Structures are given as C-alpha cells and as structure tokens.
**Student:** 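Structure provided below as structure tokens; questions to follow.
Since the structure is predicted, the reported quantities are computational estimates derived from the model, not experimental observations. Each chain gets a letter, A, B and so on, in the order its sequence line appears, and its residues count up from 1.
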4 protein chains.
Amino acid sequence: MVSQTANDKRGRILDAAASIFAQHGFFHARVTDIAKEAGVADGTIYLYFKSKDDLLINLFEDRMDDIIATFRGGLGEGLTAGQKLHRFIELHLRLVEEEPALAKVLTVELRQSSKFMRDYQALKFGEYLDLLSDILDEGRASGQFRTTIDPRILKRVIFGALDEVSLVWSSTPQQRRERYELADAATEIWNLCTGGILSTAHRTNTDIARGETA
Amino acid sequence: MVSQTANDKRGRILDAAASIFAQHGFFHARVTDIAKEAGVADGTIYLYFKSKDDLLINLFEDRMDDIIATFRGGLGEGLTAGQKLHRFIELHLRLVEEEPALAKVLTVELRQSSKFMRDYQALKFGEYLDLLSDILDEGRASGQFRTTIDPRILKRVIFGALDEVSLVWSSTPQQRRERYELADAATEIWNLCTGGILSTAHRTNTDIARGETA
Amino acid sequence: MVSQTANDKRGRILDAAASIFAQHGFFHARVTDIAKEAGVADGTIYLYFKSKDDLLINLFEDRMDDIIATFRGGLGEGLTAGQKLHRFIELHLRLVEEEPALAKVLTVELRQSSKFMRDYQALKFGEYLDLLSDILDEGRASGQFRTTIDPRILKRVIFGALDEVSLVWSSTPQQRRERYELADAATEIWNLCTGGILSTAHRTNTDIARGETA
Amino acid sequence: MVSQTANDKRGRILDAAASIFAQHGFFHARVTDIAKEAGVADGTIYLYFKSKDDLLINLFEDRMDDIIATFRGGLGEGLTAGQKLHRFIELHLRLVEEEPALAKVLTVELRQSSKFMRDYQALKFGEYLDLLSDILDEGRASGQFRTTIDPRILKRVIFGALDEVSLVWSSTPQQRRERYELADAATEIWNLCTGGILSTAHRTNTDIARGETA
DNA sequence: CATGAATGAGCATTCATTCAT
DNA sequence: CATGAATGAATGCTCATTCAT
C-alpha cells in the first residue's frame, strides 16, 4: 500500500538514498540531503542504519532481495535453459530501464564502498549471479548448451556484458537515451549467446574454433 | 629513456597515483600520500595537475595512449578479423594481469570521477572501444562475421565481459588469484564469440535463433 | 521503606546516574544509559529532572543530605573537638570506601558542571564544610585547638587533604586498591592535625614556628 | 623574546587552549574558539596536536615542565627540609595567583580527560608530587621531621590541601578575590605542618597523639 | 620549478531533549 | 505518569588546495 510506504521511515530513507546516491555518487552524497529527501531528520537515519556505508549496504541487500525474488518468479518451471537465459537478459535490462537510479547505484556506486567490495561481493550479489550459473548448469545438463562452457566464468562474462550495457544506458542523460537501445542490447547479447558472431559460412564443424590465431 | 622516467616528476606522480588509487580507491586516496610515494612535495602535484580529479583523468589518458598504441601494434595487418578479436581479448587480459593496479584504477576508480564519466567517456575510452568496433566492422565487411551484428553495441558487450572478468580478478587478493583464471576467461569469451553457447545439436540453420521464448 | 525505594523512579534514576557518572564521567555519560540502568524510558528522566545538569545537582544534594545527617549523628555530643575531628576524618574516608562510585562523582564529576560550581558550591557543600569548621570553632573555643587557626581556611585545607586522598583511592583500579590504604591516610591526616610533622626535638616553644625561611 | 612567542604557533595554541579551557571548561571549549584565540586556522591545531585531548595533555606537560624547573630552582641547596616545605607551599600558591587560568586547568579540567587520568597521572604529575615527597624524605632523614610520617601519603595530603585552596581561589570571581587570601592559606597550611592544630597545653609528650577517640 | 606549512570549507555522527501516543 | 521514536543543533576532524619562501 502507498500509505505503508509513506510511513515506513526505513523504506523512505532507502528510496531517498537510492535517488541521492544515483544523482551525486556515493561519496558526494550528503547524509543531510538524503534525510531531506526522505523527509526525516538527519539523526533519524542513524536509528535505522549504522553509518552511511551501512545505508549503501542495506540498500543493496534490500533491493537485491526484491530483484532475486522477481527473477525467481520470472524464471519459473517449464522453460528450457535457453528460454530462461533469454528471460534473464530481458529481466535484467528491463529492471535497468524501470529503475535507472537503482541500476546506477548497483552498477557504479556500490563498487566504492570498500566494505562492500570486501565483505558483501560474495553474498547477495553471488546469489544473483548464481541465478545465471544455475541456468547455465541446467542447459549444460540438458544438452542444450555445449558441455565445454564453464558456468563459473561464463556467468561473469554474461553479467559483465549486461552490466556495461546498463552502465552506459543509465549514465546517458535522459534526453539522449533512446528507448530501443536496451532492447537492441538484449538482442545483441542473446544472439551472441546463441550463435556467436561468426557468419554461417565461417563456422567450423568443430564445436569450438580455437587456436585460430595461435 | 630511463633517466627521463626517473627524473620525470610528472611520470612519478602518475605512477604513484596509480598505486595509491588502486590501494585505497580514488576517494580514500590522499594527495599527500601520492606525493610521498612520488617523492615530491604536495604542492608539486599541482604544478602538473589541476586537481585530484585531473590527476585521475591524466593517469587514464596517459595509460590509455600507451595501451592503444600497444594494441594497434598487436593488431597489425595480415590478420583476419577473427584473429584480431582473439588477439584483442588476449591483450586486454594480459594487460590486466601485468598491471593489476592500473587495471583496478581503470575498472573501478574511474567510474567515480563525475567529471570523467561526464566528459571523457567519449574520448580516449571511446578510442579504445573503437579498436574493438573496427574489428567488428572489418569482420562484418569481410563476411567473416554475420551481418546482423551491431558493432556499436557489441563492442560494449565484449568490453563489459572483459571488464567484469578483470574486475573480479584484480579485486581478488593476490594469494587467491590463480594464474590460469584469466586464460580460462579468455577461452570462455572467445568461445562465446565464435560459437555461442548452444551445443551443435541445438543450433538452428537460421542465422539468428530468435523468438525461442517469445 | 524498601518498597518505596524499589518503586521510586526518582531514586532509581539517581542511583543509576551515580553509577554511570562514576563509570564514564559526567560528560561522557549518556542519558539513555542512565535510563537503561534505571529501567525507565529516556523521557521519564525528564519528568523528574530538568536536565542532565539538574540530575547531577540533585544527585549531589540528595546524597549530601544523607551524608550530612549521618555525620551529624556520628558527631554527637559528649565528644571533644579533637575526637570529633578524628571521627570526621574516619567518616569521610569510610564513606569513600563504602561508596566509591558516589565518592568519585562528588570528587571529580561535580567539578565539571559549570552550573554547579557557580551556584551550588555555597549550599549543600558549604553545609558539609561547616560541619568541619564547627568542630574547629568548638576546639578553639574550648582551648583544645590553638587560637591562631582560621577555621574558614583550615576547613578547606583538611577537606582538600581528605578529597585528594579519596580521589586517588577511588581512581585506582579495584585490583590495586589495598584496604589499609585509606586507614593509613586517616592516620596520616590525623597525625598531621594533632602534631604536625616536626619531630619533638625540632619543635619550638612558640605556638607557631613562622619565619623559618624568611 | 616577544616575537618568538608571536610566531610560535604551537605556543600560541597552547596559550589559547589554557585560556579557553579555563573560561569554558574542557568539554565546552570549542576547538574553533581556541584556533580563533590563537590566530590560526582550525586545521592548524591538528598539525601540532593529534586531538583536543592531546592538546590538553600537551598543555599540561609543557606547563608542568616549566613549573617543575621553577620549583627545582627555588628549592636549591642550603635550605633545611622545613624551609623547603615552606618554600614549596609559597611557590605553589604564588603560581596559582600569577596564572589563575593555568591553575584552573590543572586543578579542574585535567581531571576530565579520561586519557589523562588513566595514563598520565603517574608521569609529570608524579614528578611534581615527588618534589614534595623528596622534601619529606629529606626532613625525615635529617631528623627534622618525625620518622613516623609516610611521605607517599603525606605528599598527597599536602598537595590536596594546596589544591583545594587553589581551586576555591581560582574559581572565585576576580572581584571577590582578596589578595591576602592565598597568603593566609599558606600560613594556615604551614602552621598545620609545623605544629598541628592543638594548643600547646593539649599537646601530649608522645610523638603521636593517637587513639584519642578510640 | 619546488616546497610544505597553513588554510578553512565541509560533513558524518552524536545525543540531550521533546512530544505524540 | 510513562514511553521511546524522532529531532536537529552542535562540533571535532579531514584533506584538497594555496602561496610565501
């Protein structure tokens, strides 16, 4: 309910933090501005969060919980691994499109909290990445994906592709953003995954065309 | 020349900056520590650079000039687009391996300078990305790559994959880094580019296997 | 009555304040910690006391009332002035020993409240000191003490001696406190009062051995 | 030289700190006010001192060094222990009279720095007290003071007497201070030391008149 | 060119006090 | 009377930048 959000100080502070962090970056964001945006006193923030760093961590964890739940719902049973991968790409980019501020925080600002990079990279974020590697594992098991992929690495590769595309989009001033851009990126990534970039004529029969330059 | 580098204050400051930025992050890095590491006075830094931000920009531009020159040399004539792409991946990851501090700065810290993200993304960094899109254009023109790729987007996708893999590697404590990891990442990315992830059995004859989930 | 004390919020707050002030010092003591220790809400404290300063003042006055009453009882009729002085010293140091937290507050923390030093020094504290000057007056009147003493000053001198000795004792960590120490101090102060420090051989016949250094 | 003092930032900051601490108390003193009084920027203080606490510690140590040197000079050879004690009392009270602000800091504010009470009580302050116990030891050795005194305790007793008398004087508003007051205190303390408070008629022949009240 | 002492704006955080419930 | 969540003024300290030498 709307009214619930309106009275939920913790939630309002997190929303404000997302907005202010996205606008000014984590380091340039002033706690007092977050408070103002949230409509609370400066000190109130410290009733809910231990520090500015802690605020960022909590923002991340809260949002990631939502995101992961949404993704889990969207990647339900009855889909092939390929379909799930397609859906994952779509969901990731749709999220970026719908919540650019949040996307910017997750993409850019999070890297600046030393505490985060040290302690949290493996937790919520790992959980998110595991959604991806689970799909890859599943596809490999079902025979849809080639057996030579390494999901531990490939999840990073695909995430990196999504992340960079998202970063560029969310860092682009709104006026210059074009709606189709992210959709195009989705197509591009999906095509890369399914067929690579070689033209049919140049595909070798071997599964993996290695050593071309060796 | 060696002596030039040794006495070149500007160069020593940039080296020091790379080291300190990598260790503490851009915002937590103190100008006075950079000065100490470079063996110059605090004020001297401001004879060569306008500000701390400017120092980061210049570090980026200087290093990128070297990197771009190195890449241009390594991507000489006589190679197919595919071979060049393979080489590009190799060069990028080798650079990360050889200069992890620099890599960390370019991957992580650079994103924190608002000035950088606003004004410079398009310049040196664009030049670097253009090395990649040039290869893609060339492959498309020569028929080696399928015509449906969009080099403007695909360069971001491939760069994102490389960048994420690099970030993880350079953020991993040295003890836990294993030498093969980056080589494996190179293989994974290269395989993705050449053949995608589908097993041979699941490849359709159409160039692009779209709409699977639609 | 026990039940009164047990339920008396005011009393519990004062007890808690004494404890917290003694542990952390007046300025570092947090009102919220006093509330916690007293088992009341933060706001409740302000139903009984106007401010943190006021809490200190009231703590002082309350305790001093008890102390003064106890002293008056202990210094009953039938004692010579000398005996009363001896008893006073004993009572003061015994109080310190039995309530070190209170002693610390009275000795150290009280000096920090500007309001206290300005407005209250003359009241309850003066009453306490007057117990001492009354003894001195009495001794002078009865001929037991020499007529040349100035009770207005000497009360400060004796109090200062007691206070310093108490301060050292109550500031010493419990492990290193030795029980006899305060008893020894009592002896030392008492001996000083009765006979000074000169050996018998060096005592002159004149009442006051002044001008020795002049 | 005056000019030396004028340019000695460290010295000016210490002087300002003494003044501001004396006026407002350690906790209510603002660093920015000390800076203003010293004619330096806020940050400059932190070039010379680690923290506000450290400033107080350094103020204490610096002044105590001077004071101890002065006392050592004033207690030169050729004086009996009794004369030295007389001189010590005189010097202590003269110091208080000449530098009331400093005296107030040393007497009152110092007790508020937890760091001080914990770590420094034994050092410079112990050195000062040792001046006193040395005199007492000497007097006992020479036979001038009775052998039953315990210099470890008596030094505290005498210091406490001096300190209390000083505290009262320096806390009294200037208008109400009367010049002779400290001189009278000196007499009072000196008389107490030399002869105690008993009138000649009441002195027993035994060295120590104990057990009077037992 | 080089220095580094000095600057002072800037900000996260604390905590005594209030007041709606 | 009692609560304790909320307040917001207050301040010690940092550090990029300057400038007299």
**Student:** Taking salt bridge (Lys or Arg N to Asp or Glu O under 4.0 Å) as the test, write out the residues that go with C:Asp62, two or more places apart.
**Tutor:**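 Once residues adjacent in sequence are excluded, the partners of C:Asp62 under the salt bridge (Lys or Arg N to Asp or Glu O under 4.0 Å) criterion are C:Arg10.
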**Student:** Rounding to an integer number of Å, can you tell me how far B:Ile20 CD1 sits from F:dC15 P?
**Tutor:**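 To the nearest whole Å, that distance equals 13 Å.
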**Student:** Report the residues that fulfil salt bridge (Lys or Arg N to Asp or Glu O under 4.0 Å) with C:Asp42, sequence neighbours left out, ordered by chain and then residue number.
**Tutor:**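 With neighbours one apart ignored, the set is empty.
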**Student:** Looking at residues at least two apart in the chain, or sitting in another chain, which of them share a side chain to side chain donor-acceptor pair (under 3.5 Å) with A:Glu99?
**Tutor:**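 With neighbours one apart ignored, the set is empty.
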**Student:** Polar atoms only, N or O, under 3.5 Å: list the protein pairs with nucleotides 17-21 of chain E and their distances.
**Tutor:**
residue: E:dT17; atom: OP2; partner: C:Tyr46; partner atom: OH; Å: 2.7
residue: E:dT17; atom: OP2; partner: C:Lys52; partner atom: N; Å: 3.0

**Student:** Closest-nucleotide mapping onto DNA chain F: is A:Gly39 or C:Ala41 further toward the 5' terminus? I mean the 5' end.
**Tutor:**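 The answer here is C:Ala41.
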**Student:** Within the structure provided, determine whether D:Leu14 and D:Tyr48 are in side-chain contact (heavy-atom separation under 4.5 Å).
**Tutor:**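 They are not in contact (no side-chain heavy atoms under 4.5 Å apart), so the answer is no.
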**Student:** Could you check how far CZ of A:Phe27 sits from C1' of E:dC11, rounded to whole Å?
**Tutor:**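 Whole-Å distance recorded here is 13 Å.
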**Student:** Between atom CD1 in B:Ile45 and atom C1' in F:dC15, what is the gap in whole Å?
**Tutor:**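 Rounded to the whole Å, the gap is 12 Å.
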**Student:** Testing A:Ile20, A:Leu55, A:Asp53 one by one against A:Phe26 for a side chain to side chain contact (heavy atoms under 4.5 Å, CB included), which residue passes?
**Tutor:**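 Only one of A:Ile20, A:Leu55, A:Asp53 forms a side chain to side chain contact (heavy atoms under 4.5 Å, CB included) with A:Phe26, namely A:Asp53.
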**Student:** Quick check for you: to the nearest 0.5 Å, what is the distance between A:Leu59 atom CG and A:Asp15 atom CG?
**Tutor:**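 Output value for this atom pair is 8.5 Å.
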**Student:** Using heavy-atom distances to pick each residue's nearest nucleotide on DNA chain E, tell me which of B:Leu47 and C:Ala29 is more 5'.
**Tutor:**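 Upstream on the strand: B:Leu47.
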**Student:** Stems involving DNA chain E: give each as a range paired with a range, ordered by first number, where a stem means at least three consecutive Watson-Crick or G-U wobble pairs under 3.5 Å.
**Tutor:**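 Stem segments, range with range: E:2-21 with F:2-21.
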**Student:** Once rounded to the nearest 0.5 Å, what's the spacing between atom NE2 of B:His24 and atom CG of B:Asp33?
**Tutor:**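 Reported value, rounded in 0.5 Å steps: 6.0 Å.
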**Student:** Specify the separation, in whole Å, of atom NE2 of B:His24 and atom P of F:dT14.
**Tutor:**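 Between P of F:dT14 and NE2 of B:His24: 16 Å.
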**Student:** Could you state the CZ-P distance from A:Arg30 to E:dT13, rounded to the nearest angstrom?
**Tutor:**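 Answer to the nearest Å: 15 Å.
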**Student:** Round to the nearest Å and state the distance from B:Asp8 atom CG to E:dA2 atom P.
**Tutor:**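 After rounding, the gap between these two atoms is 10 Å.
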**Student:** To the nearest 0.5 angstrom, please state how far the CG atom of A:Leu106 sits from the CZ atom of A:Phe21.
**Tutor:**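 Those atoms lie 12.0 Å apart.
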**Student:** NA contact type, D:Tyr48, heavy-atom cut-off 4.0 Å: base, sugar-phosphate, or nothing?
**Tutor:**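 Sugar-phosphate, backbone atoms only, no base.
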**Student:** Under the rule for side-chain contact (heavy atoms from CB on, under 4.5 Å), what residues qualify as partners of A:Val40, not counting sequence neighbours?
**Tutor:**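 Listed in chain order: A:Lys9, A:Arg12, A:Ile13, A:Ala35, A:Ala38, A:Thr44, A:Ile45.
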**Student:** Output yes when at least one side-chain N/O atom of B:Lys9 is less than 4.0 Å from OP1 or OP2 of E:dA2, else no.
**Tutor:**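 So the side chain of B:Lys9 is within the cut-off, an N or O lying under 4.0 Å from OP1 or OP2 of E:dA2.
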**Student:** Rounding to an integer number of Å, can you tell me how far B:Ile13 CD1 sits from E:dG4 C1'?
**Tutor:**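 So the CD1-C1' distance, B:Ile13 to E:dG4, works out to 14 Å.
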**Student:** E:dC1 and F:dT21: how far apart are their C1' atoms, nearest whole angstrom?
**Tutor:**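 About 13 Å, rounded to a whole number of Å.
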**Student:** Please state how far atom CZ in D:Phe49 lies from atom P in E:dA6, giving the value in whole angstrom units.
**Tutor:**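 It is 12 Å, rounded to the nearest whole Å.
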